[in-house]
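Each chain gets a letter, A, B and so on, in the order its sequence line appears, and its residues count up from 1.
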Number of protein chains: 2
Amino acid sequence: MATIREVSKFANVSVATVSRVINGNKWVSDATRDKVLAAMKELGYKPNSFARSLATNKSHTIGMVIGDLSGPFFGKLMNEAEQEIRNAGKHLIITSGHDTVESERDAIDFLLQRRVDALILHLDVLPDQDIIDIADNSGVPLILVNRLVPELINSSISLDNELGGYLAVKHLTDLGHTQIATITGPLYKADARARLSGYRRALEEAGIAYDERLVVESDFQEEGGIAPVERLYRRKVKFSALFIQNDHMAFGAMNTLKGRGVNIPEEVSIVGYDDMVMARYVEPALTTVAVPVAEFGKLSAQMALKLSANEPADVQNLRFVPELVVRSSTAPYRKK
Amino acid sequence: MATIREVSKFANVSVATVSRVINGNKWVSDATRDKVLAAMKELGYKPNSFARSLATNKSHTIGMVIGDLSGPFFGKLMNEAEQEIRNAGKHLIITSGHDTVESERDAIDFLLQRRVDALILHLDVLPDQDIIDIADNSGVPLILVNRLVPELINSSISLDNELGGYLAVKHLTDLGHTQIATITGPLYKADARARLSGYRRALEEAGIAYDERLVVESDFQEEGGIAPVERLYRRKVKFSALFIQNDHMAFGAMNTLKGRGVNIPEEVSIVGYDDMVMARYVEPALTTVAVPVAEFGKLSAQMALKLSANEPADVQNLRFVPELVVRSSTAPYRKK
DNA sequence: AAAATGACTGTAAACGGTTACAGTTGGATA
DNA sequence: TATCCAACTGTAACCGTTTACAGTCATTTT
């Protein structure tokens with residue numbers, strides 16, 4: 001691939017002049033500029049971003065680590081963030097953490113080696129201390145999405161998952177349910193733990209004792225909704241309502257329940273979490289907890305851009321509040 | 001951020017030695033290696049990938065351009081590709097084309113400037129000629145996903161969308177339907193056009209005349225299923241079956257039909273396209289055309305890796321074949 | 001004892017850009 | 001006419017690595 005030097009020879013000018021043309025420096029005569037532009041076109045020249053970044057010590061790039069590249073949640077997050085960053089004339093490099101400590105660390109290393117101007121991190125398993133170390137020592141500003149590390153409270157954008165769980169279950173207790181089962185995500189994820197503790201708080205508030213047998217841990221995947229339902233039945237515990245920690249699992253669970261001839265919501269009320277677009281298309285339409293993902297993505301990108309420009313980003317523990325969306329999968333408790 | 005020189009000073013060795021340690025060169029004594037490692041740790045050293053890539057002329061990176069970062073189709077595609085590439089010890093940089101010529105070009109430029117070892121391109125709007133130019137002049141091998149450019153047939157991995165459309169509609173004609181409407185994606189996308197021509201072929205084969213009034217162009221989004229249904233009714237054309245070019249739109253359309261009190265499949269049969277996970281959770285479960293997205297992602301990554309290593313990738317116009325998945329949204333035609 | 005070898009380490013020239021600084025013009029100003 | 005300045009262009013150092021080549025030892029080999 002052609003270099004600036006070849007272009008300069010071809011156009012009979014110095015490398016400095018070519019560089020000036022590339023960077024839109026105004027001290028170049030029109031004639032020269034045209035010559036250089038023609039040479040660049042002729043040789044198919046594309047600036048080498050490595051050399052450029054090396055010389056300027058700027059990458060014009062924001063790095064993002066997320067758990068899973070598929071998945072509607074992250075999709076929206078990425079999309080919004082990318083829009084915002086592209087609009088600012090920069091670029092986003094996305095890597096996946098794959099839910100393992102090693103992979104998350106590797107992803108961050110990759111971005112750090114690429115000297116990104118800022119990091120947007122959605123980390124599921126990396127220990128707090130590691131994150132703090134990166135914040136302290138990497139020299140790169142960072143935004144923490146959907147995770148609260150007390151020491152980094154000023155660069156966290158998080159969702160109050162505890163409140164989300166609470167709202168979901170409170171809705172059920174308000175409807176008169178007292179036997180409320182729950183299907184959680186993997187409990188090594190803070191999200192899942194927080195939602196579970198919201199579940200407990202709502203029960204407590206309603207004076208209902210916490211019963212371990214009503215809790216099944218799963219994996220946040222669609223298929224993850226199926227087995228847990230079977231397990232609940234095998235445990236022979238009764239429940240008239242089910243709080244499922246994300247919509248994906250809820251869809252799977254609803255299907256299994258229907259397969260068993262259970263009427264929703266007459267016999268079992270169901271609340272999901274995330275408010276995916278599909279939530280309103282299943283039958284019955286799913287009552288769920290809405291999460292402002294798009295805002296999330298947009299805001300994190302804006303913050304990252306600000307921080308990378310050394311502007312103060314008054315993040316101040318931005319904590320989004322989830323909202324309950326009531327549809328048709330929940331109904332008042334009725335005795336059988 | 002610390003450089004190799006600082007590390008070398010700190011450890012009292014030369015830069016070459018530090019570089020050797022970084023690269024695992026064996027001609028370094030254990031004592032020296034330990035000294036260097038300690039120095040690196042102490043100074044929080046991370047190799048500068050720019051300098052490195054500049055010196056070696058290798059980026060160990062594969063670039064990917066896709067239409068939309070959200071969306072279940074691309075999610076899976078990215079995910080599989082990333083897995084494969086990470087396993088090979090390389091990294092994937094993903095950028096979005098945003099469905100505009102300018103943006104797609106910009107995304108490719110970005111990746112080219114970053115000197116990626118290969119490109120995986122899912123382009124919706126960039127003209128063929130541009131793609132050919134890139135293939136010819138960029139010096140970077142490329143894999144074309146889901147698009148067929150005759151000149152680049154040997155680096156295309158595509159799905160036979162025409163066949164997909166055909167299968168969907170043939171299923172309907174086989175069921176006795178003769179008034180079959182269709183909702184297409186944006187017709188500037190080759191996918192949509194191909195599916196539409198599959199629709200026409202199936203009709204022709206069944207001896208049914210093509211009727212423009214039964215065709216509505218839409219946008220591949222969920223909401224995109226709603227208005228077209230209304231338009232069909234406003235046009236006062238009768239139809240007993242509906243081929244909708246992706247599942248997302250199908251979900252929207254099913255909902256609108258239900259809202260109008262139309263029974264599916266008794267009054268209107270519906271076939272979607274993509275076989276998203278949700279297809280089996282809606283009611284009735286959606287008959288649809290399955291696309292091997294995961295294979296797509298995996299294979300494109302493997303090809304890209306091979307090409308970047310200068311190994312021959314015998315792509316040879318890899319054309320995946322879609323499959324019809326029959327569920328409950330289609331039924332034999334019955335007179336009203 | 002001299003030469004050869006193997007194990008290790010250092011020097012310095014790339015890699016492809018940017019940019020401070022130093023020219024070289026030609027025209028305007030004193 | 002001498003001086004200055006604005007407009008433009010070139011030279012060369014530098015960014016942080018890698019790596020060919022050249023050393024320096026301590027062991028072996030002859």
> Under the side chain to side chain donor-acceptor pair (under 3.5 Å) test, which residues partner A:Arg115, sequence neighbours left out?
Replying inline: none
> What pairs with A:Phe320 under side-chain contact (heavy atoms from CB on, under 4.5 Å), at least two apart in sequence or on another chain?
Replying inline: A:Ile157, A:Leu159, A:Pro292, A:Glu295, A:Phe296, A:Leu299
> Looking at five pairs on each end of the helix from C:dA1-D:dT30 to C:dA30-D:dT1, what is the angle between the two axes, given to 10 degrees?
Replying inline: 60°
>> Among residues at least two apart in sequence or on other chains, which ones pass side chain to side chain donor-acceptor pair (under 3.5 Å) with A:Thr100?
In response: none
>> Please enumerate all residues that pass ring pair (Phe, Tyr, Trp, His ring centres under 6.0 Å) together with A:Phe73, with sequence neighbours excluded.
In response: none
> Can you pull the side chain to side chain donor-acceptor pair (under 3.5 Å) pairs that have at least one residue in residues 44-57 of chain A, sequence neighbours excluded?
Replying inline: A:Lys46-B:Asp109
>> Walk along nucleotides 9-19 of chain C from 5' to 3' and tag each nucleotide B, S or - by protein heavy-atom contact under 4.0 Å, base first, then sugar-phosphate.
In response: BBBB--BBBBB
>> Can you pull out every salt bridge (Lys or Arg N to Asp or Glu O under 4.0 Å) where at least one residue sits in residues 76-104 of chain A? Sequence neighbours excluded, please.
In response: A:Glu82-A:Arg86, A:Arg86-B:Asp106, A:Lys90-A:Asp117, A:Asp99-A:Lys189
> For residues 135-159 of chain A, which residue pairs qualify under ring-ring contact (aromatic ring centres under 6.0 Å, His included), counting only residues two or more places apart or in two chains?
Replying inline: none
